[in-house]
Asks: 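This structure is in structure tokens; I'll ask about it shortly.
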2 protein chains.
Amino acid sequence: MRREFKKKSKVLLIDDNYEHLVGIRELLNLEGTFDVVGIATNVSVGLNLIKKYQPDIVLLDMNMPDKDGLQGIIEISKLDFDTKVLALSGYDDADLIFRAMKIGAKGYVLKTMASAQLIYAIEEVLNGKIYLPLALSSRFFEYFQQSFREETAKQESTEENLLSYLTQREEEVLELLTQGITYKGVANKLFISETTVKTHVNNIFQKLQVNDRTQAVLYAINNGFLSKKVKLAV
Amino acid sequence: MRREFKKKSKVLLIDDNYEHLVGIRELLNLEGTFDVVGIATNVSVGLNLIKKYQPDIVLLDMNMPDKDGLQGIIEISKLDFDTKVLALSGYDDADLIFRAMKIGAKGYVLKTMASAQLIYAIEEVLNGKIYLPLALSSRFFEYFQQSFREETAKQESTEENLLSYLTQREEEVLELLTQGITYKGVANKLFISETTVKTHVNNIFQKLQVNDRTQAVLYAINNGFLSKKVKLAV
DNA sequence: CTTTTTATAGACCATGTGGTCTATATCTTT
DNA sequence: AAAGATATAGACCACATGGTCTATAAAAAG
């Protein structure tokens, strides 16, 4: 155990429940490896304490009255210290977990969890890892997959996706339209005459059941036409 | 132990490494609660076996030569049995994990993991849960957060996002443009004359540095103008 | 209390866009 | 060999779109 040689990690607690706040502070103090540099019962006060003490980690309650926890995460990360945020909540609400992780929480733990697990979570996060207990990560992934299923379902249904009726050439033309190129430009790119482009475009309108290029482009985007190229990141 | 009363779960294995395939089959047979109904060294054969035996779960290797694992997941889910897929891989490649989970894998385990953990993973998935070992879920989340950081960074930068220069009214007009509405339509919706709309639109073009409505709409979409309303799910 | 910004709107004009119809040449499919 | 789909393209025409300039009233900023 070289615990005593290691510098204590600075921890800050934000929770509107004062009892709980004090409880955690006791727990962390007993552990001996942490230095609870401040506690706050709301985000605004918490932010000021963070500016003052620049803690290594903030335990942030998600369910607070005025300013909510999600907003808190955003504002803490805007401070641009590398303060890590461990989200804390009474409920395993999938949506809340998802959004918290999305905006950069390094972990998410339930208040009902054993104190040993809380300690472990804090240590993992301090070591640069991301910690989600199995139960919560399970919830997260259900939600995550659900949202993608809905997205792909929307793209693939819409009564058999009208995009599939387009010919090869029409797809090429549509792709250029989605880059905001004029008839003349498309004609030059594809080495065909402007009127040919117009013919293709008109056929595209027919097939997609729209009346102008903007609507065609919007249809293409909303129905996954570009997803392979544009949305690569996600 | 009411293990012997429970119906054995049907398992199918797909892995281009035959040694490994047999190894896992042995392991699962020894366990006694699983019935390995088939093994395959490529996705095509595997798909046929799935159609024949309708297994409860498929262990699918991600790193295979011809048809890759991701495609395999998609094709299995297209079969529309509720066969669960547990992805199996030699490497903890974040991108691969992310994409596998995105398209519906119920879990992801490394080949280097202890057999007890593999068994546990299979059982969790069979129980309808999603299983990602802590190390992998950590990797996943880093990648996940990274992709969102890039997205918001792109939206907020682009040299101070030209969208921020738009006035309230101009934003309203632009929003209607992104719905594929004509000048006349916008004029009616906002109770102003058509020429006023044109003036606004021209100012929008100036500010966004584009020459036509399609480009303006594309700019808006690519720079997060609609993200609050459209991308709610994510 | 000026000055600037914003929302409003008219006039005029060039041209890009979309609708419709016709007409080949090629390539598939039957 | 005949029929159908596809890519090509011309001719019109109506009108929506975009560019530019001017102008006014109200609101915000200085």
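Here the structure is a predicted model, which means the values were calculated and not measured. The figures here come from the full heavy-atom set of this structure, side chains too, leaving out hydrogens, waters and symmetry mates.
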Asks: To the nearest angstrom, how far is A:Asn202 atom CG from C:dG16 atom P?
Replies: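 These atoms are roughly 17 Å apart.
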
Asks: Report the residue (B:Glu194 or B:Gln168) whose heavy-atom-nearest nucleotide on DNA chain C is the more 5′ of the two.
Replies: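 Mapping each residue to its closest nucleotide by heavy atoms, the 5'-most match is B:Gln168.
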
Asks: Establish whether the base of D:dG19 is bridged to the side chain of B:Lys198 by a donor-acceptor pair shorter than 3.5 Å.
Replies: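 Checked by distance alone, the answer is yes.
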
Asks: Could you state the atom-to-atom distance from OH of B:Tyr183 to P of C:dA9 in whole Å?
Replies: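 Answer to the nearest Å: 16 Å.
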
Asks: Could you state the CZ-P distance from B:Arg213 to C:dT15, rounded to the nearest angstrom?
Replies: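 About 20 Å, once rounded to whole Å.
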
Asks: Does the pair B:Asp93/B:Arg139 count as a salt bridge with the N-to-O cut at 4.0 Å?
Replies: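 No salt bridge links B:Asp93 with B:Arg139.
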
Asks: How many Å lie between CD on A:Glu171 and C1' on D:dT6, as a whole number?
Replies: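 After rounding, the gap between these two atoms is 14 Å.
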
Asks: Would you say B:Thr196 places a side-chain N or O within less than 4.0 Å of OP1 or OP2 belonging to C:dA9?
Replies: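 Yes.
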
Asks: Counting only heavy atoms not in B:Phe205 (residues, nucleotides, ligands), do more than 12 fall under 6.0 Å from its CZ?
Replies: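 Counting neighbours around CZ of B:Phe205, more than 12 heavy atoms of other residues, nucleotides or ligands fall under 6.0 Å, so yes.
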
Asks: Between D:dA16, D:dG10, C:dA7, which one does the side chain of A:Ser193 approach most closely?
Replies: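 My answer, after comparing the listed nucleotides, is D:dG10.
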
Asks: Between B:Ile204 (CD1) and D:dT17 (P), how many Å, whole number?
Replies: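 To the nearest whole Å, that distance equals 14 Å.
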
Asks: Rounded to whole Å, how long is the line connecting atom CZ of A:Phe191 with atom P of D:dT8?
Replies: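 Whole-Å distance recorded here is 12 Å.
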
Asks: So, is A:Thr195 close to the D:dG10 phosphate, meaning a side-chain N or O under 4.0 Å from OP1 or OP2?
Replies: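 Yes, A:Thr195 has a side-chain N/O under 4.0 Å of OP1/OP2 on D:dG10.
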
Asks: Quick one: which of B:Ile204, B:Leu174, B:Thr214, B:Leu208 gives a side-chain contact (heavy atoms from CB on, under 4.5 Å) with B:Tyr219?
Replies: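 Among B:Ile204, B:Leu174, B:Thr214, B:Leu208, the one that satisfies the side-chain contact (heavy atoms from CB on, under 4.5 Å) with B:Tyr219 is B:Leu208.
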
Asks: Taking the six-membered ring for Trp, are B:Tyr108 and B:Phe140 closer than 6.0 Å centroid to centroid?
Replies: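 Here the rings of B:Phe140 and B:Tyr108 have centres that are no less than 6.0 Å from each other.
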
Asks: If I take atom CD1 in residue B:Ile192 and atom C1' in nucleotide D:dA25, what distance separates them, rounded to the nearest angstrom?
Replies: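 One finds 15 Å between C1' of D:dA25 and CD1 of B:Ile192, rounded.
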
